[in-house]
Peer 1: 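Handing you a structure now.
From a predicted model like this one, the values you see are computed outputs, not experimental measurements.
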Amino acid sequence: MAPHPAAAALLARSHRLGADPRNTNYAGGNASAKGSDTDPVTGGEVELMWVKGSGGDLGTLTEAGLAVLRLDRLRALKDVYPGVEREDEMVAAFDYCLHGKGQAAPSIDTAMHGLVDAGHVDHLHPDSGIALACAADGEKLTAECFGDTVVWVPWRRPGFQLGLDIAAVREANPEAIGCVLGGHGITAWGDTAEECERNSLHIIRAAEAFLAVRGKPEPFGPVIEGYEALPDAERRERAAALAPYVRALASRDRAQVGHFTDSDVVLDFLARAEHPRLAVLGTSCPDHFLRTKVRPLVLDLPPTVPLDEATARLKELHAAYREEYAAYYERHALPDSPAMRGADPAIVLVPGVGMFSFGKDRQTARVAGEFYVNAINVMRGAEAVSTYAPIEESEKFRIEYWALEEAKLQRMPRPEPLATRVALVTGAGSGIGRAIAHRLVAEGACVVVADLDADSAERVAEELGGADRALAVTVDVTSEEQICEAFRAAVLAFGGVDLVVNNAGISISRPLLETSAKDWDLQHDIMARGSFLVSREAARVMIAQGLGGDIVYIASKNAVFAGPDNIAYSATKADQAHQVRLLAAELGEHGIRVNGVNPDGVVRGSGIFAGGWGAQRAAVYGVEEEKLGEFYAQRTILKREVLPQHVANAVFALTGGDLTHTTGLHIPVDAGVAAAFLR
C-alpha cells in the first residue's frame, strides 16, 4: 500500500536533506508533515501529523520509521501540561495521540513539530547552524546574518516546553522562516514541503556563507611545531601500533569496538595551538555529546615520541580522565539519577596521527567519530566569528543522564554473545572459513575476512553486511609482511582483534614415495608455519589490549588418525594440534585461550575438496568423487555427513562465552571416528 501523499513527500524531503552531511548528522534531527486522512472509525476527516520517530535517520527513513499522531489530541496536551519541571511526563502522553499501530515511537521533539502552526517543519543539526548557536554572541550574530527572518531561541533542553517556545516564536514573527536554537541546532518551517525544505537549506547555506565571509582565516590558531601530521604511511603505522593500547583504555568498564579517522579536519585541528582549550570545553549539540561524551581524551605529546612513552602517557591521562568524569558525575547527580554508565572516553585524539572513536559496535564507533568531526566544524565556525561557548556542564549532564535517555537505553535489545568482539579468520573466502565468518557475524562479531583470493574475500565481506560488520584483506599466510598488514588493517578498522581462527589450508594427498619435498614444504608453510605466524601476531595485539582473547585452530581428524597416503597433510595437522597445547600453556597468563577443532569429511562446500583433494581421496578409497561425502558419513559412528556450518558451530561453542574456563581443548567434528578419539 502506497504511503499517504503527505508521508511520501516527507520521506522524499528527508532523504534529500539527510543525504548531505552539511545539513544534519547521522540519526540527528527530524522532519514532519501535516495532512488529513479518513478516520477508519468515524469515516470523517482527521488531521494528522507524520514525524520521524525516535532514533531514526533522515537519510534512510522509511514509512515504518514515522510516527503518525492525531493533531487534535496532540495539541490538546497543552491544556494538561504540568509545567517545565514535569515536562518529561508528556512523552508518555504522546502514545495516546497515535493514529493506528505498528509505527515508530514518537521522539522528544514531537511537540515542536505538532505545536508549530505550519504544515511542514524541519529540525536539523547543521554544523554551520550549530556554530552560530554555540558562539558566545550567537544571538547578535544570528540577527546580523538573517535579520528578522530567523529568530534566536535561547538554550532549552529538548521537550514540550521547547515546542511551546518555538510555537510562540512562529506566532509572534509571521515573517520568520525559522529559528536558531541556542547550543543546539536550527528549526525551519513552511506551508508546503518544498517551502520548508527551501527555508531549511537557506538557513544552512546562509550561515555557511556568513561564517566564510566574516570568519578569520585561522580560528584554531597557529600550528604547534612538531604536532603536524605524520606522512601517510608513517601515520597509519603509528595509528595501528597505538590502536590496541587505546582500545584497552576505552574498554576498562566494558568492551568497545573502535574506529580510526585521520581526515584532514581532525589532523589540522590537532596541529593547532587552540585544540587543548577547545577539546576541554567539549561538544555542545545534545546529539554530539550523547555519542562522544562531554569531552575527549587528548594525548599531549607530539607524534614522534617513542611508542612506549606515548602509551605510558596515555595511561596517565586515562587515569586522570576517569577521575574527572567521576567528579563530573558526582557534581551533578541527583538521588534519582541513573547510575554512572562508565568513565572511559569515547573519543581519543592523538596529534599528528588522528582520532580513535569507540562504541558498542562498529557503526556506533564510526558515528561517534563523525559526530566529533561535526563538533570540530562547529568549533571552527564559532571561533572564526566569535568564541566557542557550549552549553553549561550541568545542562550536558541533564541530557546525558536524562531519565528518558536511560529508558531508551534500557529498551535496547540484549547484546549478542559476540558483541564488541573482533575476529580475524584466515581462509575465510570459501568453505569452512566462510561458514565460520558467517556464524561469528550472526553472533555479533565484526569479522576480518582474510584470504589469498582477494575477490572471494571481498565477496564474503559483502555477504556479511559490508564495512560496519566485515573487512576483506588479502593475505598469503606464508608472508610475515602480509600477516602484519592484515592485523594493521584490522585494528584500524575495528580497534583491535579478540578472536583469531587459523583456518587457511591446502592438501595434497600422495603416498610417501610420491610426496616431494615441495609438497611437504608447501603444506607446512601454509598450515604449520602460517598458523604460527598468525598466532604470534594475534598474541601481540591481544597482549597489548589486555582484554584476553581466543585463538582457534582448525586442525583435522588426521592430526591423530594415521590414514594412508597422506603424510604431509597429516603431519602438518599434528603440528597445528600441538601448537594449540603449547600456546594454551604460554598465553593463559594473558587471559588468551587457545583451542582447536578437528573436522573430518567436510566435502560439500569445502574449498580444499573442490581444489583436487576430493578427487585424490576418492581415488584412495575407490569411490566416485560426488559420493565421497556419503562415503565418509557411512564410516562414522553417527552416519552423518559433516558440513562447514558444523565446524562453525564448534568455533562458536569455544568462543561464545560458555566455555570461559576451557583452553588447550580439541573438539572433534567428525560425526564419530573411533580411531580419532582423543586420549
Peer 1: Do Asp268 and Arg272 meet the salt-bridge criterion of a basic N to acidic O distance under 4.0 Å?
Peer 2: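 Salt bridge present between Arg272 and Asp268.
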Peer 1: So, Glu195 and Arg198, do they make that salt bridge, N to O below 4.0 Å?
Peer 2: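 So Glu195 does not pair with Arg198 through a salt bridge.
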Peer 1: Nearest heavy-atom pair of Val116 and Met112: which atoms, and what distance?
Peer 2: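 Distance-wise, the nearest heavy atoms are CG2-O, 3.0 Å.
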Peer 1: Counting N and O atoms only, with roles assigned by atom type, does the side chain of Ser14 sit under 3.5 Å from a partner on the main chain of Leu10, one being a donor and the other an acceptor?
Peer 2: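 Looks like yes, one N/O pair under 3.5 Å.
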Peer 1: Between Arg22 and Asp127, does the salt bridge (charged side-chain N to carboxylate O under 4.0 Å, His left out) criterion hold? Intermediate values first, please.
Peer 2: CA-CA 7 Å; Arg22 294 179 299 169; Asp127 295 345; over 6 Å; no
Peer 1: For Arg214 and Asp137, run salt bridge (charged side-chain N to carboxylate O under 4.0 Å, His left out): C-alpha distance rounded to whole Å, both residues' side-chain angles, the deciding distance at 0.1 Å, then the answer.
Peer 2: CA-CA 14 Å; Arg214 278 284 313 275; Asp137 50 353; over 6 Å; no
Peer 1: Do His125 and Thr24 meet the criterion of a side-chain donor-acceptor pair at a distance under 3.5 Å?
Peer 2: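 No, no side-chain donor-acceptor pair sits under 3.5 Å.
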Peer 1: Given 3.5 Å as the limit, does a donor-acceptor pair link the side chain of Arg70 with the main chain of His99, or not?
Peer 2: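 A pair under 3.5 Å: no.
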Peer 1: Quick one: do the Asp165 and Gln161 side chains pair a donor with an acceptor below 3.5 Å?
Peer 2: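 Checked: Asp165/Gln161 side chains pair up, N/O donor to acceptor below 3.5 Å.
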Peer 1: Angle class for the Phe260/Phe356 ring planes (parallel below 30°, perpendicular above 60°, tilted otherwise)?
Peer 2: tilted
Peer 1: Can you name the salt bridge (charged side-chain N to carboxylate O under 4.0 Å, His left out) partners of Glu400, sequence neighbours left out?
Peer 2: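 Not a single residue meets the salt bridge (charged side-chain N to carboxylate O under 4.0 Å, His left out) criterion with Glu400.
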Peer 1: Taking the six-membered ring of Phe160 as reference, does the cationic atom of Arg86 (NZ for Lys, CZ for Arg) lie under 6.0 Å from its centre and within 45° of its axis?
Peer 2: no
Peer 1: Is the distance between the ring centroids of Phe210 and Phe146 under 6.0 Å?
Peer 2: no
Peer 1: Please report the closest heavy-atom contact between Ala67 and Ala104, naming both atoms and the distance.
Peer 2: CB-O, 3.5 Å
Peer 1: With the threshold set at 4.0 Å, does a side-chain nitrogen-carboxylate oxygen contact exist between Arg238 and Glu234?
Peer 2: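 Salt bridge: no.
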Peer 1: Within a 6.0 Å radius of atom CG on Asp95, are there more than 12 heavy atoms belonging to other residues, nucleotides or ligands?
Peer 2: yes
Peer 1: Going from CG on Leu66 to CG on Asn30, what distance comes out if it is rounded to the nearest 0.5 angstrom?
Peer 2: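 Between atom CG of Leu66 and atom CG of Asn30 there are 11.0 Å.
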Peer 1: Decide, yes or no, whether a salt bridge links Arg277 with Glu383 under the criterion of side-chain N to carboxylate O below 4.0 Å.
Peer 2: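 Yes, this pair counts.
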Peer 1: Where is the tightest heavy-atom contact between Val151 and Ala176, given as atom of each residue plus distance?
Peer 2: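 Closest approach of Val151 to Ala176: CG2-CB, 3.9 Å.
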Peer 1: Nearest 0.5 Å please: distance from the CG atom of Leu98 over to the CG atom of Leu74.
Peer 2: 10.0 Å
Peer 1: Does a donor on one side chain and an acceptor on the other come within less than 3.5 Å for Glu393 and His332?
Peer 2: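 Short answer, yes.
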Peer 1: Does the plane of the ring in Phe269 sit parallel, tilted or perpendicular to the ring in His275? Use 30° and 60° as the thresholds.
Peer 2: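 Geometry flag for His275 against Phe269: perpendicular rings.
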Peer 1: To the nearest 0.5 Å, what is the distance between CD1 (Ile203) and CD1 (Ile186)?
Peer 2: 4.5 Å
Peer 1: So which atom in Lys396 and which in Leu281 form the shortest heavy-atom distance, rounded to 0.1 Å?
Peer 2: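 Closest pair (atom of Lys396, atom of Leu281, distance): NZ-O, 2.8 Å.
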Peer 1: Measuring from Asp117:CG to Ile166:CD1, what's the distance to the nearest 0.5 Å?
Peer 2: 14.0 Å
Peer 1: Within this structure, what is the NE2-CH2 distance for the pair His4 and Trp50, rounded to the nearest 0.5 Å?
Peer 2: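 The CH2 atom of Trp50 is 4.0 Å from NE2 of His4, to the nearest 0.5 Å.
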Peer 1: Quick check: closest heavy atoms across Arg75 and Gly114, and the distance to 0.1 Å?
Peer 2: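 Minimum heavy-atom separation between Arg75 and Gly114: NE-O, 2.9 Å.
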Peer 1: Taking atom OG1 of Thr149 and atom NE2 of His202, what is their separation to the nearest 0.5 Å?
Peer 2: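 The OG1 atom of Thr149 sits 5.0 Å away from the NE2 atom of His202.
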Peer 1: Which heavy atom in Cys196 sits nearest to a heavy atom in His120, and how many Å separate them?
Peer 2: SG-O, 3.5 Å
Peer 1: Take atom CD in Glu144; do more than 12 heavy atoms of anything else shown fall under 6.0 Å from it?
Peer 2: yes
Peer 1: Specify whether Tyr328 and Phe397 have parallel, tilted or perpendicular ring planes, treating 30° as the upper limit for parallel and 60° as the lower limit for perpendicular.
Peer 2: perpendicular
